[in-house]
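Below: one structure, written as structure tokens.
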Amino acid sequence: MPAGGSSLFSGFRVLGLYSNHVPHALRYHLKHRESYVVTAVGRSFHTFNVNRLGIVAVSNSLPDEITCLAADRMLVFAATGRLISAFARNKEVVMHYNGHEQEVRLLLPLGDQLISADSGGDVIVWDVQSGEVYLRLHFDPSTFDVLAMMHPSTYLNKVLLGSSQGALQLWNIKTSKLLFTFAGWSAGVTVLQQSPAVDVVGVGTATGRIIIHNIRLDETLMSFTQDWGPITSLSFRTDGPPIVASGSPQGHIAFWDLERHQLVTQHRHAHRTSIAGATFLQGEPILVTNGADNAIKVWIFDQEGGGARLLRIRQGHSAPPTTIHHHGNDGKNILSAGQDGTLQSFSTVHERFNKNLGSVNKKKEKKKKKGLTYEELRLPAITAFSSSVTRQSDWDGIVACHRDRLATTTWNYQRCTMGAHHLQPPGSRRGAIATAVDITSCGNFVVIGSSCGRVDVYNLQSGLHRGCYGDDEKAHNGVVRGIATDTLNQLTLTTGSDWLLKFWRFKSKKLEEEMKLNAAPASMKLHRESGMLALALDDFTLVVVDIETRRVVRKFAGHHGNINDMTFSPDGRWLVTVAMDCTIRVWDLPSGSLVDCFLVATAPVSVSLSPTGDFLATTHVDSLGLYLWTNKSLCGPVGLRPLPADYQPVVETLPGVTVEETEQEVNSEEEEEEDVYQSAEQLGAELVTLSLLPESRWKSLLHLDEIKKRNKPVAAPAAPAAAPFFLPTVPGLTPRFATQTQTEHETQINTLSAVDQPLRLLKDCGPAALSVELNSLAPEGGGARELLLVFIQMIDSMLASGRDFDLAHAYLALFLKLHLRSLSQDATAMEALNHLLSRLEKGWAELQASFDQSLCLLSYAKSALL
């Protein structure tokens with residue numbers, strides 16, 4: 001067993017976490033020309049692009065929960081308790097600002113400074129680069145408790161502070177002086193927002209008033225009042241229409257017209273909880289909102305009358321999920337039911353495939369006009385559900401039981417809506433509720449158990465009742481805890497709180513056999529392919545029954561708390577169980593032993609293993625996400641040994657969020673320039689590297705004479721018109737022509753002894769210019785014999801380094817064609833050429849050996865495959 005925890009599973013990622021109660025921060029990337037929204041999720045924050053709402057970055061975790069966020073062009077600032085952290089590249093912590101004595105609740109980036117305010121009345125101005133305190137102000141919370149902060153546009157070094165007592169103060173942070181105090185409006189200030197007009201700010205109060213105030217004249221221009229409580233957020237449109245949006249604790253958004261001084265439109269229940277943040281994009285009719293309901297929404301204003309419609313959304317459960325099951329045979333979708341009453345589908349491939357199947361009772365929508373509220377229309381939380389893909393394209397394929405409700409609901413996965421049927425047994429007892437459900441493998445029938453002991457069968461297509469099991473319409477003398485049907489619809493298995501497991505004939509509904517258990521069962525799970533039935537008992541033990549022989553084949557003990565859920569592996573070999581003792585255990589059925597066990601931080605409440613066996617999904621107490629664990633046995637050999645009875649499991653860290661591969665990570669412009677990968681000029685001394693020049697620059701060097709002859713013009717070129725020419729002059733008062741001195745000439749000759757600079761010059765020349773340059777090396781062309789030797793040394797250096805292998809051979813071939821006759825009469829040159837010949841033969845011998853080895857291996861592989 002490795003020291004890390006599990007030998008079978010490793011944490012992969014978490015699904016369904018998008019936002020919490022912390023207001024979001026917006027960033028605009030100049031290079032990408034795209035806006036990004038940053039939201040806090042627990043101890044880290046996520047960055048999404050607004051265009052697709054795809055996650056592009058996930059920050060490193062902080063030691064505590066994030067309480068507020070702010071961002072500028074380069075950095076993202078996050079406050080956790082008394083500590084402020086600055087993140088670069090949306091991920092790495094590059095600076096800490098530690099100096100507050102109370103919890104930080106406000107952050108405001110302002111140029112090279114960062115302004116922070118805490119609950120104790122301290123306002124600190126930090127230098128972003130050095131992390132030093134530039135200015136510290138202290139306010140008495142009893143007289144001026146800072147709740148809002150903003151920088152008025154065009155007001156240099158000015159900050160406007162709002163208090164819970166209603167007063168506003170304008171401060172100069174450079175001189176540390178109070179410039180002006182605004183009396184306020186006898187209500188606590190909750191939001192301050194700059195309007196598109198200079199000197200005009202929007203003020204939101206705790207009483208629901210929105211005041212548009214001119215701070216230069218200290219004059220209130222207009223005010224509005226919303227009936228939904230305090231103002232939680234304010235934002236002004238900057239693309240033309242004079243609209244201001246206000247958020248409320250009930251999740252409603254109101255839009256006010258600043259010209260006509262009236263309410264334009266409103267969106268009720270835009271979020272299920274309070275609006276944490278609402279921000280208009282600069283110059284665009286797009287509003288971005290987030291809330292504590294774990295949702296990010298993008299609204300676009302393209303409706304008649306100034307209304308907005310929902311453009312994009314990313315949302316998870318607003319309350320912890322209780323039951324999860326994989327939907328379909330590909331293992332790519334996970335159905336999840338939460339305490340918020342919603343049924344959602346999460347994709348393990350990409351977030352754009354997520355679905356929300358809804359939560360509103362359609363039968364009650366007709367009664368909405370009679371005064372029912374939105375919450376009364378919502379269904380209770382789902383306690384159990386069953387799904388089938390066999391006939392989901394023809395009719396509803398999901399049936400769910402709800403808390404304290406007898407009628408079960410049907411859902412359609414493809415249409416993402418609630419189905420047409422509410423299944424309720426005829427003549428049922430008062431106070432009974434549905435407790436267990438299972439859809440047959442054919443997808444035509446559903447079997448539902450209730451707390452009064454009834455087990456009823458319904459037709460999914462018509463929703464009609466097709467009978468019930470047991471005498472006197474009662475299958476058990478207690479609560480039905482589990483229901484299962486076999487693959488061929490021959491048997492129906494039920495278990496209840498009366499400690500009995502019963503086998504029924506599905507069609508005739510006759511009882512064939514019953515089995516007495518050692519304790520009351522809590523839940524039941526059937527693996528249809530193998531016929532293995534697992535039951536979790538109230539004494540924390542597990543029993544596995546073979547439905548063919550109808551005998552107990554395995555008993556497992558080891559959990560120290562209630563077993564919440566269990567699942568089988570696709571081949572039926574493993575049984576994975578989760579319990580309130582915070583352990584996840586894997587039992588091997590053939591050997592009858594425990595082969596894997598690990599601890600998690602919070603107790604898991606539901607588990608599901610994908611039909612392909614690649615991912616294990618778990619949900620946990622007080623957690624909104626779905627956690628995925630990869631199966632290591634699919635990636636390589638895993639040694640599984642029976643664990644001893646006194647084995648102490650090791651804590652395994654819950655997986656976090658990962659970035660989608662298709663999304664582009666956000667970096668600042670300067671950081672992107674630093675991150676450009678520079679490829680090495682030579683990977684190894686034993687390798688040869690070709691140049692990146694096109695073949696036309698070096699392949700035709702030996703055939704220049706033929707090319708010139710072929711391209712010779714028919715007529716002589718015409719003389720150009722007389723044009724003035726200019727000689728280079730030396731700067732100064734007296735005009736003098738610049739002449740090349742002897743020192744400059746010697747510098748050029750010395751420079752040629754280096755390899756890199758002349759090689760760069762030759763690479764820039766075309767074939768004709770290169771021929772002229774090589775011709776000019778000889779004394780007849782204005783050069784010297786020393787230059788010929790230097791060129792041979794340059795070619796030798798190129799071959800020794802292995803760089804520009806193709807250019808070295810092409811240049812050498814042209815050089816020998818032009819100067820071989822004159823070089824043959826120079827003993828020093830011939831000695832240099834003989835040394836170059838030995839280097840060429842050695843290099844080609846090494847290449848030939850590598851080619852022969854590769855060809856031999858390739859021919860062997862081809863013959864072996866045939």
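Values below: every heavy atom of this structure, side chains too, minus hydrogens, waters and symmetry copies. What you see is a predicted model; the values in this text were computed from it and never measured.
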Exercise. Evaluate side chain to side chain contact (heavy atoms under 4.5 Å, CB included) for Asn631 paired with Trp574, printing each intermediate quantity in order.
Key: CA-CA 12 Å; Asn631 187 353; Trp574 296 334; 4.0 Å; yes

Quiz item: Salt bridge or not for Arg454 and Asp456, using N-O below 4.0 Å?
Solution: yes

Practice problem: Please answer whether the main-chain N or O of Val480 pairs with a side-chain N or O of Thr435 as donor and acceptor at a distance below 3.5 Å. | Solution: yes

Exercise. Kindly assign one of parallel, tilted or perpendicular to the pair His325 and Phe385, based on the angle between their ring planes and the thresholds 30° and 60°.
Key: perpendicular

Quiz item: Heavy-atom distance under 4.5 Å between the side chains of Glu652 and Trp629, does that happen here?
Solution: yes

Quiz prompt | Considering all heavy atoms, the nearest Leu526-Met532 contact | solution = CD1-O, 3.4 Å

Quiz item: Hey, are the side chains of Asn489 and Lys507 touching, using non-hydrogen atoms and a 4.5 Å cut-off?
Solution: no

Practice problem: Would you check, one step at a time, whether the test side chain to side chain contact (heavy atoms under 4.5 Å, CB included) holds for Arg551 with Asp546? | Solution: CA-CA 6 Å; Arg551 292 183 179 179; Asp546 187 351; 5.8 Å; no

Exercise. Determine, step by step, whether Leu379 and Arg405 satisfy the side chain to side chain contact (heavy atoms under 4.5 Å, CB included) criterion, reporting the C-alpha distance in whole Å, the side-chain angles of both residues, the deciding distance to 0.1 Å, and the verdict.
Key: CA-CA 9 Å; Leu379 286 169; Arg405 198 167 184 265; 3.9 Å; yes

Exercise. Grab the two heavy atoms, one from Ser497 and one from Gly478, that are nearest each other, plus how far apart they are.
Key: OG-CA, 3.3 Å

Practice problem: Please say whether more than 12 non-hydrogen atoms of neighbouring residues, nucleotides or ligands are located less than 6.0 Å from CZ in Arg641. | Solution: no

Exercise. Determine the sole option in Thr630, Leu634, Leu609 for which the side-chain contact (heavy atoms from CB on, under 4.5 Å) test with Phe615 is passed.
Key: Thr630

Quiz prompt | Sidechain N-carboxylate O distance under 4.0 Å for Arg528, Asp438 | solution = yes

Quiz item: Taking the side chain from His620 and the backbone from Pro320, do they hold a donor-acceptor pair closer than 3.5 Å?
Solution: no

Self-check item: Ser10 side chain near Lys632 side chain, heavy-atom distance below 4.5 Å
Solution: yes

Quiz item: Residues in ring-ring contact (aromatic ring centres under 6.0 Å, His included) with His326, at least two apart?
Solution: none

Quiz item: Under 4.5 Å between any side-chain heavy atoms of Thr583 and Phe598, yes or no?
Solution: no

Self-check item: Test item: Tyr469 and Leu511 side chains (from C-beta on) under 4.5 Å apart, heavy atoms
Solution: no

Quiz prompt | Salt bridge flag under 4.0 Å for residues Arg481 and Asp538 | solution = yes

Exercise. Check Phe503 against Leu501 and note the closest heavy-atom contact, atom names and distance.
Key: CZ-CD2, 4.0 Å

Exercise. Over 60° means perpendicular and under 30° means parallel, so classify the ring planes of Tyr458 and His465, tilted if in between.
Key: perpendicular

Quiz item: Which heavy-atom pair separates Thr273 from Asp293 by the least distance, and what is that distance?
Solution: OG1-N, 2.9 Å

Quiz item: Between Trp499 and Asn518, which heavy-atom pair has the shortest distance, and what is it?
Solution: CZ3-O, 3.2 Å

Quiz item: Side chains of Ser593 and Asp588: is there a donor and an acceptor less than 3.5 Å apart?
Solution: no

Quiz item: Is a donor on one side and an acceptor on the other found under 3.5 Å between the side chain of Arg554 and the backbone of Val544?
Solution: no

Practice problem: Assess whether atom CG of Asn329 is packed by more than 12 heavy atoms of other residues, nucleotides or ligands within 6.0 Å. | Solution: no

Quiz item: Could you go step by step and tell me if Ile439 and Val399 meet the side chain to side chain contact (heavy atoms under 4.5 Å, CB included) rule?
Solution: CA-CA 8 Å; Ile439 298 178; Val399 181; 4.0 Å; yes

Exercise. Verify the distance criterion only: is there a donor paired with an acceptor across the side chains of Ser6 and Asp596 at less than 3.5 Å?
Key: yes

Quiz item: So, His476 versus Thr494: side-chain donor-acceptor pair below 3.5 Å or not?
Solution: yes

Exercise. Answer yes or no: does atom NZ of Lys502 have more than 12 heavy-atom neighbours from other residues, nucleotides or ligands under 6.0 Å?
Key: yes

Quiz item: Do Phe506 and Thr440 have side chains that get closer than 4.5 Å, going by heavy atoms?
Solution: yes

Quiz item: Can you check whether Val576's main-chain N or O pairs, donor with acceptor, with Thr567's side chain at less than 3.5 Å?
Solution: no

Self-check item: side chain to side chain donor-acceptor pair (under 3.5 Å) between His327 and Ser345, worked out
Solution: CA-CA 8 Å; His327 183 71; Ser345 172; over 6 Å; no

Quiz item: Is it true that atom CE of Met580 has more than 12 heavy atoms of other residues, nucleotides or ligands lying nearer than 6.0 Å?
Solution: no

Quiz item: Is the number of heavy atoms from other residues, nucleotides or ligands within 6.0 Å of CD (Glu529) greater than 12?
Solution: yes

Quiz item: Within a reach of under 6.0 Å around CZ of Arg415, are more than 12 heavy atoms found that belong to other residues, nucleotides or ligands?
Solution: no

Quiz item: In terms of heavy-atom contacts, does CD of Glu513 have more than 12 from other residues, nucleotides or ligands at under 6.0 Å?
Solution: yes

Practice problem: May I ask you to establish whether Lys525 and Phe568 are in a cation-pi arrangement, using a distance under 6.0 Å from NZ or CZ to the six-membered ring centre and at most 45° from the ring axis? | Solution: no

Quiz item: Are Leu640 and Leu8 side-chain neighbours, meaning at least one heavy-atom pair lies under 4.5 Å?
Solution: yes

Quiz item: Which heavy atom of Ile382 sits nearest a heavy atom of Thr342, and at what distance?
Solution: CD1-O, 4.5 Å

Quiz item: Can you check whether Leu628 reaches Pro655 side chain to side chain, under 4.5 Å on heavy atoms?
Solution: no

Quiz item: Got more than 12 heavy atoms from elsewhere within 6.0 Å of NZ, Lys516?
Solution: yes

Quiz item: Do His402 and Thr409 have side-chain N/O donor and acceptor atoms under 3.5 Å apart?
Solution: yes

For residues 442-449, please give each side-chain donor-acceptor pair under 3.5 Å, one per line with the distance, not counting sequence neighbours.
residue: Asn444; atom: OD1; partner: Arg391; partner atom: NH1; Å: 3.4

Quiz item: Is Ser606 reaching over with its side chain to a backbone N or O of Ile324, donor-acceptor style, under 3.5 angstrom?
Solution: yes

